Number of protein chains: 2
Amino acid sequence: MTDDDPRRAAYRLYADQLREAIRGGTYAPGSKLPTDAELAAELGTNRGTVGQALRVLEAEGLVSKSRRGTFVSAIVNKIYRDSTSRYNRSKRETGQARGAFAAELRALGMTPKNTTAVNRAAPPRWVAEILGVAPENVSTVARARHMLADDVPVQLATSYFPLDIAEGTRLEELDTGPGGSKSRLAELGHAQATVTEEIDVRSPSQEEAEALGMAEDQRVYQITHTARTKDGRAVEVAVHVMPTHLWRLAYTWDLSPEH
Amino acid sequence: MTDDDPRRAAYRLYADQLREAIRGGTYAPGSKLPTDAELAAELGTNRGTVGQALRVLEAEGLVSKSRRGTFVSAIVNKIYRDSTSRYNRSKRETGQARGAFAAELRALGMTPKNTTAVNRAAPPRWVAEILGVAPENVSTVARARHMLADDVPVQLATSYFPLDIAEGTRLEELDTGPGGSKSRLAELGHAQATVTEEIDVRSPSQEEAEALGMAEDQRVYQITHTARTKDGRAVEVAVHVMPTHLWRLAYTWDLSPEH
DNA sequence: GAGTGGTCTAGACCACAGA
DNA sequence: CTGTGGTCTAGACCACTCG
């Protein structure tokens with residue numbers, strides 16, 4: 001049964017076998033796989049070919065390899081991110097939105113944690129373009145967050161606010177207070193009216209891969225979240241970077257009246 | 001022999017170099033790269049290492065390898081899919097929605113094309129669950145589309161409708177008529193009120209990879225588009241599969257009143 | 001120091017596309 | 001028939017981790 005399709009490379013067949021074994025529970029989440037050499041012996045091939053097979057599974061996020069050995073990924077269920085309800089005003093005002101990430105994680109039985117760093121910075125050129133600020137200058141307040149689940153990094157998110165709006169406001173403090181940055185913007189006369197999220201999938205940069213503890217062969221979502229006032233001015237751009245194998249995204253909307 | 005970072009593997013450095021060369025225009029879109037052996041000689045390494053480097057670029061969708069040689073990808077700009085405006089009722093009624101895909105492609109100077117096949121089928125188990133139909137039976141009408149851009153396949157989309165709704169209606173014909181399937185459902189008393197799209201990224205199956213002309217190391221979006229009536233009944237599930245390196249997704253919504 | 005995966009090299013054979 | 005990338009094998013050295 002191992003020799004169905006002669007077109008299919010051996011390492012892909014081994015990858016299929018190992019994937020099945022993992023899904024089937026032969027190797028539990030978090031457990032250590034046999035060494036490449038042992039697997040090679042079991043499967044009747046050599047270390048290089050097994051390494052190739054395991055690299056396929058690593059790219060899928062199913063295993064992670066290190067000098068200590070190969071391990072089955074501990075996180076099995078993807079984290080669910082529902083953007084539309086996340087930014088729902090009623091939830092925000094009752095303080096639920098603030099814990100959207102936390103609630104999603106607790107639903108999976110995981111412990112959320114995150115760190116925030118605030119500073120003034122020159123945004124990436126393409127973000128500057130959206131915000132309509134000078135790309136070379138220190139023209140924004142940047143709030144950079146690292147989000148962890150069970151102490152595993154799962155998302156990097158940086159929000160940029162135009163400096164002329166955010167300068168000297170609570171948006172520069174670590175804790176933006178009840179309702180979060182969106183409530184603060186509203187108080188400053190820049191209430192957000194519409195939101196756009198653009199989704200891309202790409203390879204992580206070397207730095208991102210390191211910060212997220214992922215292999216460079218894996219992929220990240222890059223979500224560009226742009227909030228605009230009623231006049232159409234962009235007052236916040238948030239860039240979310242997260243491994244694709246850890247997240248599922250969702251959007252909901254009505255088809256009712258004009259929409 | 002650029003020996004900047006001893007941590008970074010040679011094949012990644014070569015991949016970086018070649019990526020730069022392609023982005024910089026040294027190799028034009030659609031053109032053929034030197035053979036692996038030639039590149040190996042130029043770079044002072046061997047065929048295997050060059051192959052590894054090019055595999056990285058192939059996984060990113062930047063080049064495609066075949067028995068005929070390695071070619072720079074012809075499609076440079078990603079196709080833009082704005083789901084919220086795509087399913088906007090006013091556009092749909094004026095017939096614009098029908099051409100959403102076509103319009104997006106023409107904006108990029110590409111020629112759209114697509115084929116449709118309709119049949120009654122048993123849906124995947126998880127689709128059956130959403131629709132609330134029997135998973136083992138032929139319980140749906142399935143409309144399978146292949147979408148091409150400049151004769152290159154760029155998306156596979158299959159819509160499932162419960163058989164008890166769609167049986168014997170225009171939903172079983174190749175041309176669903178003005179306004180498309182959504183208008184037909186409305187006429188049948190099953191007007192769609194809300195839509196949810198769930199986004200996953202995964203490896204393509206062997207069949208999908210072949211149908212989409214992509215490498216198995218590349219990734220696809222899987223978008224599960226569920227439309228429900230006001231009562232909450234799911235009346236359509238559409239599954240879209242498309243290579244991540246060819247598409248950018250977008251969603252827009254208002255933060256107004258209750259939303 | 002032993003064990004592990006990472007990488008590179010070298011060479012061989014294969015299947016397929018094109019002249 | 002020839003050239004191409006695909007793959008497999010075998011062996012070597014490396015860097016890192018852990019006991």
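Model, not experiment: these values are computed from the prediction.
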| request: Kindly say whether, by distance alone, the side chain of Arg47(B) makes a donor-acceptor pair under 3.5 Å with the base of dG6(D)? | output: yes
| request: Please list residues of residues 58-65 of chain B whose heavy atoms come under 4.0 Å from any atom in DNA chain D, ordered by number; otherwise none. | output: Lys65(B)
| How would you label the contact of Gly48(A) with the nucleic acid (heavy atoms, under 4.0 Å): base, sugar-phosphate, or nothing? | nothing
| For Arg202(A), all residues meeting side chain to side chain donor-acceptor pair (under 3.5 Å), sequence neighbours excluded | Glu208(A), Gln222(A)
| field | Residues Arg47(A) and Glu38(A) bridged, charged N to O under 4.0 Å | value | no
| request: Check the distance between dT4(C)'s C1' and Leu54(A)'s CG and give it to me in whole angstrom. | output: 13 Å
| field | Phe101(A) and Trp247(A) aromatic ring geometry - parallel, tilted or perpendicular at 30°/60° bounds | value | parallel
| said: Counting only side-chain nitrogens and oxygens, does Ser66(B) get under 4.0 Å of the OP1 or OP2 atom of dC16(C)? | reply: no
| Once the angle between the rings of Tyr251(A) and Tyr251(B) is folded into 0 to 90°, is it parallel (under 30°), tilted (30 to 60°) or perpendicular (over 60°)? | parallel
| query | Which residues within residues 30-39 of chain B lie with some heavy atom under 4.0 Å of an atom in DNA chain C? | reply | none
| For Gln52(A) and dG6(C), what is the distance between atoms CD and C1' respectively, to the nearest whole Å? | 13 Å
| Who pairs with Ala122(A) by side chain to side chain contact (heavy atoms under 4.5 Å, CB included), at least two apart in sequence or on another chain? | none
| request: Could you state the atom-to-atom distance from CZ of Phe71(B) to P of dT4(D) in whole Å? | output: 11 Å
| request: Could you tell me which residues satisfy side chain to side chain contact (heavy atoms under 4.5 Å, CB included) with Asn119(B), sequence neighbours excluded, listed by chain and number? | output: Ala121(B), Ala142(B)
| Nearest-Å distance for atom pair CG/P, residues Leu13(A) and dT7(D) | 11 Å
| Within residues 61-76 of chain A or reaching into it, pairs that qualify as side chain to side chain donor-acceptor pair (under 3.5 Å) - sequence neighbours excluded | Asp36(A)-Lys65(A)
| remark: Residue set satisfying salt bridge (charged side-chain N to carboxylate O under 4.0 Å, His left out) with Glu58(A), at least two apart, ordered chain then number -> none
| field | Close approaches to DNA chain D from residues 208-219 of chain A, in residue order (heavy atom, under 4.0 Å) | value | none
| message | Under the criterion side-chain contact (heavy atoms from CB on, under 4.5 Å), I'd like the reasoning laid out for Leu131(B) against Thr226(B): C-alpha separation, chi angles, the key distance, then a yes or no. | response | CA-CA 9 Å; Leu131(B) 287 173; Thr226(B) 303; over 6 Å; no
| note | Taken to the nearest whole Å, OH/Tyr14(A) to P/dT7(D) is 14 Å
| Under the salt bridge (charged side-chain N to carboxylate O under 4.0 Å, His left out) test, which residues partner Glu20(A), sequence neighbours left out? | none
| request: Please state whether the phosphate of dC8(C), meaning OP1 or OP2, lies under 4.0 angstrom from any side-chain nitrogen or oxygen of Asn46(B). | output: no
Any protein N or O atoms within reach of nucleotides 17-19 of chain D? Criterion: under 3.5 Å, listing atom names and distances.
from	atom 1	to	atom 2	distance (Å)
dC18(D)	OP1	Arg68(A)	NE	3.3

| query | In terms of side-chain geometry, is the basic nitrogen of Glu60(B) or Arg55(B) positioned less than 4.0 Å from the acidic oxygen of its partner? | reply | no
| Counting any heavy atom closer than 4.0 Å, what does Arg12(A) reach on the DNA or RNA strands: base, sugar-phosphate only, or nothing? | nothing
| remark: Taken in chain and number order and not counting sequence neighbours, the residues that satisfy salt bridge (charged side-chain N to carboxylate O under 4.0 Å, His left out) with Glu172(A) are Arg120(A)
| said: With a 4.0 Å cutoff (strictly under), does any side-chain N or O of Tyr11(B) reach OP1 or OP2 of dC8(C)? | reply: no
| message | Without decimals, in angstroms, what is the distance between Arg55(A) CZ and dG5(C) C1'? | response | 10 Å
| message | Using OP1 and OP2 only, check whether a side-chain N or O of Thr49(B) sits under 4.0 Å from dT7(C). | response | no
Distance-only criterion, 3.5 Å: show the donor-acceptor pairs between side-chain atoms of residues 144-153 of chain A and protein atoms not counting sequence neighbours.
from	atom 1	to	atom 2	distance (Å)
Asp150(A)	OD1	Thr111(A)	N	2.7
Asp151(A)	OD1	Lys113(A)	NZ	2.7

| Donor-acceptor pair between Glu197(A) and Ser83(A) side chains, under 3.5 angstrom | yes
